[in-house]
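Scroll down for the structure; my scribbles are underneath it.
Chain letters run A, B, ... following the sequence lines, proteins first and then strands; every chain starts at 1. From a predicted model like this one, the values you see are computed outputs, not experimental measurements. Worth knowing before you read on, the calculation uses all heavy atoms, side chains too, and leaves out hydrogens, waters and symmetry mates.
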Protein chains: 2
Amino acid sequence: MSAKKIKNSKLTIDDIAKLAGVSKATVSYVINDKPGVSQELRCKIKKIIEDCNYVPNSAARGLAGEKTHFIGLVIPDVSDMFYANIIRGVEKTSNKYNYLLNLYTTHGEEEKEQRVIKLINSSMVDGLIIMAYYIKDNFIDFLKNEGIPFVFIDYPTKDEEIYSVVVDNEAGAFEAAEYLISLGHQKIAFLEGHEAAWDSRARFIGFLKALTVNSIEFNPLLVEKGDFTREGGYKATKKLLEKGEEFTAIFASNDQMAIGAVRAIKEKGLKVPDNISIIGFDNIEASSIIDPPLTTVMQPIYEIGKKATEILIRLINEEKIEQKKFMLKTKLIKRNSCKALN
Amino acid sequence: MSAKKIKNSKLTIDDIAKLAGVSKATVSYVINDKPGVSQELRCKIKKIIEDCNYVPNSAARGLAGEKTHFIGLVIPDVSDMFYANIIRGVEKTSNKYNYLLNLYTTHGEEEKEQRVIKLINSSMVDGLIIMAYYIKDNFIDFLKNEGIPFVFIDYPTKDEEIYSVVVDNEAGAFEAAEYLISLGHQKIAFLEGHEAAWDSRARFIGFLKALTVNSIEFNPLLVEKGDFTREGGYKATKKLLEKGEEFTAIFASNDQMAIGAVRAIKEKGLKVPDNISIIGFDNIEASSIIDPPLTTVMQPIYEIGKKATEILIRLINEEKIEQKKFMLKTKLIKRNSCKALN
DNA sequence: CTGAAAGCGCTTACAG
DNA sequence: CTGAAAGCGCTTACAG
């Protein structure tokens, strides 16, 4: 029986119309849940569609101006668990609503816009989810102009017309810093990520706020620049160690840097967390494997993709959504890299 | 809808034809590199296309029977570095040839076929790259029937009509086992992955061959079942340790299990590699982070995606390819989890 | 070498 | 509540 179904895959709307003894317009109304067909007929046609395993041709639907049920996801890369989990969130959610996914990785910035333009021009997607480090204003204008619904992920634009879902990095960092402080740490070093990265800055701000709230004076000498890499964290920590400025804990902008920091500290003959506590950010897989397992801040990555997709699909369905900015909460994961200062 | 039309600033082939003062057929011939247009005219039209930033509508091309320049990738999951790297290989390569990617993750087996059928029926992809644990015969028949080009990844079918690219797991395991043997190990335990997994079995066979070639007797008591998970490796190793059967090295079917094995050995108060050497398979990120860094076998993951895509695009272009089965080589990564026997 | 016309499978006014 | 017809943007015989 299933073999029979499979062979019917090239049916068109005309075939269904003939089988049902109606015009193809009627079938189209049923497919798109539009009014103008009696309940009875509707059921009959639906049954035929089901039995024949008929699936409307997306290309034709796209051409005819109707929805294609494809969502475009624009993302910097895939070979990174962070992005991979976002893709997963988007994929699972779009599937749930019967949408299929078009994937566009941007790698280098340059060609990105062209590729998205191509995508939009191809009439193949009903909407776009966009994640990028930096998005030019005139590109945003282009998107608005096209009238295609889109949602930004993890991109902190002030533009009030734009829908976006971001992680509350500041609150996450605040919570993490407060945890360190609750353990008795006052001299806390901070390892910055990329200078331009807004999330690194948000984390830094959260860190500073926690200091302020707890009346701890901020020591600029305890801040070291990095670049979100393991190597960067290693080098920054070595510098810190050589500087001679005393500190009992390190707040790293991300786990990769925290892992580099652990290595630098071990090389110096010191112990984590006995001599120095370390806290990271991201909760990457490696953070649970290294010795000691890293205390860190988990981002709701899967949920970001899910939320963005839900918003986009509602937008595609022309629902009105009052709220434009969505902020998702992080979660502190306590493991063994932080210790109370006795 | 009408809103869409109003905002429709998109150029069509008619616009280009008007600008060039020719019929749209001529423009189409130029776009598709078909004969029948003078060199001079061809250049002129190409320049206009370039200047206007015109991109043909994929939906219309798909409908009209031409290529859509979309490739469909069917894959079990994305939130796994292995798959993520395959996606990356496919993505980068398809972009290079001006193809765009449609992504379909299968998660549960059940709905997979339906989704791929949907995809094919949508007329949106020129070809398919398929990766799955298990593919039913009648599904393969369906694919053949459709006449759509497709390539299997990492799926060892004997069907001679099917194009596939796989990793030479057996050779990789053979090399790894020989390395252990060259270090003086004779009593080597083997941690199996999923029973049904063909790659686990291929690795086991490679392991056995190395034993045979080196005239080492195989001891069935030194084989323990696992399931490719860290937990499974941990449990299997504990069993092995309790069994009392002597061994100096462990060959784990994958890195996750190897990592579990390391933990079990450490818990027993033994040291890696001083008391027991361990070798893994896959070269996942964690393998370089754990203590000690794991000696393992790296799969050419990115290359798998790349190769499959290259084959598929040649197939789409109706080139004949004599070879149907492609086998990619692994690489032994020597780190610190193996040690020569005194 | 070029253009007019049919057709791909669908949606959507529009008329009945 | 239903059907005939136009049209979406493209490709491809076909005639010139």
Side-chain angles (χ1 to χ4, degrees), chain A residues 8-45 49 52 54-70 118 120-126 147 318, chain B residues 1-45 49 52 54-70 118-126:
Chain A
N8 286 341
S9 65
K10 273 172 183 162
L11 286 174
T12 70
I13 197 170
D14 280 300
D15 298 317
I16 302 299
K18 248 163 235 156
L19 282 170
V22 300
S23 81
K24 56 182 183 172
T26 307
V27 178
S28 175
Y29 296 145
V30 172
I31 291 168
N32 295 296
D33 275 323
K34 302 224 164 152
V37 184
S38 70
Q39 204 46 247
E40 202 182 348
L41 224 199
R42 196 179 289 272
C43 285
K44 182 184 164 197
I45 293 174
I49 288 174
C52 299
Y54 163 72
V55 187
N57 179 314
S58 296
R61 296 181 95 174
L63 232 203
E66 188 46 12
K67 309 291 181 245
T68 59
H69 279 250
F70 275 87
K118 202 163 175 171
I120 292 173
N121 192 285
S122 76
S123 296
M124 267 322 298
V125 296
D126 295 339
E318 286 167 25
Chain B
M1 311 259 278
S2 63
K4 204 171 179 181
K5 278 176 190 162
I6 287 166
K7 290 196 178 149
N8 198 342
S9 53
K10 291 173 203 162
L11 289 172
T12 71
I13 197 170
D14 280 300
D15 298 317
I16 302 297
K18 248 163 233 157
L19 282 169
V22 299
S23 81
K24 57 183 183 174
T26 307
V27 178
S28 175
Y29 295 146
V30 172
I31 291 168
N32 295 298
D33 276 323
K34 302 227 162 151
V37 185
S38 71
Q39 203 43 246
E40 201 180 351
L41 225 200
R42 197 179 288 273
C43 285
K44 182 184 163 196
I45 293 173
I49 289 174
C52 299
Y54 164 72
V55 188
N57 179 314
S58 298
R61 297 181 95 174
L63 232 203
E66 187 47 12
K67 309 293 183 238
T68 59
H69 278 248
F70 276 85
K118 203 162 174 171
L119 170 58
I120 293 173
N121 191 283
S122 76
S123 295
M124 265 324 296
V125 296
D126 295 339

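Dashed line: the shortest gap from a side-chain N or O of B:Thr12 to OP1 or OP2 of D:dC8 is not under 4.0 Å. The shortest distance between the side-chain N/O atoms of A:Ser28 and the OP1/OP2 oxygens of C:dT12 is not below 4.0 Å.
Among D:dC8, D:dC10, D:dT2, the nucleotide with an atom closest to any side-chain atom of A:Leu41 is D:dT2. Checking C:dC10, D:dG3, D:dC10 against every side-chain atom of A:Ser23, the shortest atom distance belongs to D:dG3. Of the listed nucleotides (D:dG9, D:dG3, C:dC10), D:dG9 has the atom at the smallest distance from the side chain of B:Asn57. Among C:dC1, D:dC1, D:dT11, the nucleotide with an atom closest to any side-chain atom of A:Ser38 is D:dC1.
Taken to the nearest 0.5 Å, the NZ atom of B:Lys44 stands 11.0 Å off from the OG1 atom of B:Thr26. Summarising the geometry, atom CG belonging to A:Leu19 is positioned 10.5 Å from atom CD1 belonging to A:Ile49; distances are rounded to the nearest 0.5 Å. Between the CG atom in A:Asn57 and the OG1 atom in A:Thr68 there is a gap of 11.0 Å [rounded to 0.5 Å].
Side-chain contact between B:Tyr54 and B:Ile31 is present, with at least one heavy-atom pair separated by less than 4.5 Å. At a threshold of 4.5 Å between non-hydrogen side-chain atoms, the residues A:Ser58 and A:Phe70 count as touching. A:Asn32 has its side chain within reach of A:Arg61: a pair of non-hydrogen atoms, C-beta onward, lies under 4.5 Å apart. Taking the side chain as every heavy atom from C-beta outward, A:Ser28 and A:Ile13 approach each other to under 4.5 Å. Between B:Ile16 and B:Lys24, every side-chain heavy-atom pair lies at or beyond the 4.5 Å cut-off.
Atom P of nucleotide C:dT12 and atom CG of A:Leu63 are separated by 13 Å, given to the nearest angstrom. Counting to the nearest Å, the C1' atom of D:dC8 and the CZ atom of B:Arg61 are 16 Å from each other. B:Lys18 has its NZ atom 14 Å from the P atom of C:dG3, to the nearest Å. A:Asp15 has its CG atom 13 Å from the C1' atom of C:dC10, to the nearest Å. For the pair A:Asp14 CG and C:dC10 P, the interatomic distance rounds to 8 Å; values are reported in whole Å. The separation between A:Ile49 atom CD1 and C:dC10 atom P is 10 Å, rounded to whole Å. Taking atom CD1 on A:Ile45 and atom P on D:dG3, their separation rounds to 9 Å, with Å as the unit. When rounded to the nearest whole Å, the span between CD of A:Glu40 and P of D:dC1 equals 10 Å.
Residues A:Ala59 and B:Lys24 both approach DNA chain C. Their nearest nucleotides, taken by heavy-atom distance, put B:Lys24 toward the 5′ side.
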Given the rule that a pair is Watson-Crick or G-U wobble with both distances under 3.5 Å, how would you write DNA chain C in dot-bracket, using | for pairs to a different strand? |||.||||||||.|||
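Of all heavy-atom pairs spanning B:Val37 and B:Leu41, the tightest one is CG1-CB, 3.8 Å. Nearest heavy-atom pair, B:Ala17 versus B:Ser23, reported as atom, atom and distance to 0.1 Å: CB-C, 3.7 Å. Taking both residues in full, the closest heavy atoms of B:Ala20 and B:Ile45 are given as CB-CG1, 4.0 Å, listed atom of the first, atom of the second, then distance.
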Could you list all N or O pairs between the protein and nucleotides 13-16 of chain D that sit under 3.5 Å apart?
residue, atom, partner, partner atom, Å
D:dA13, N6, B:Tyr29, OH, 2.8

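Remark: B:Asn32, B:Lys34 in residues 30-37 of chain B come within less than 4.0 Å of DNA chain D through at least one heavy atom.
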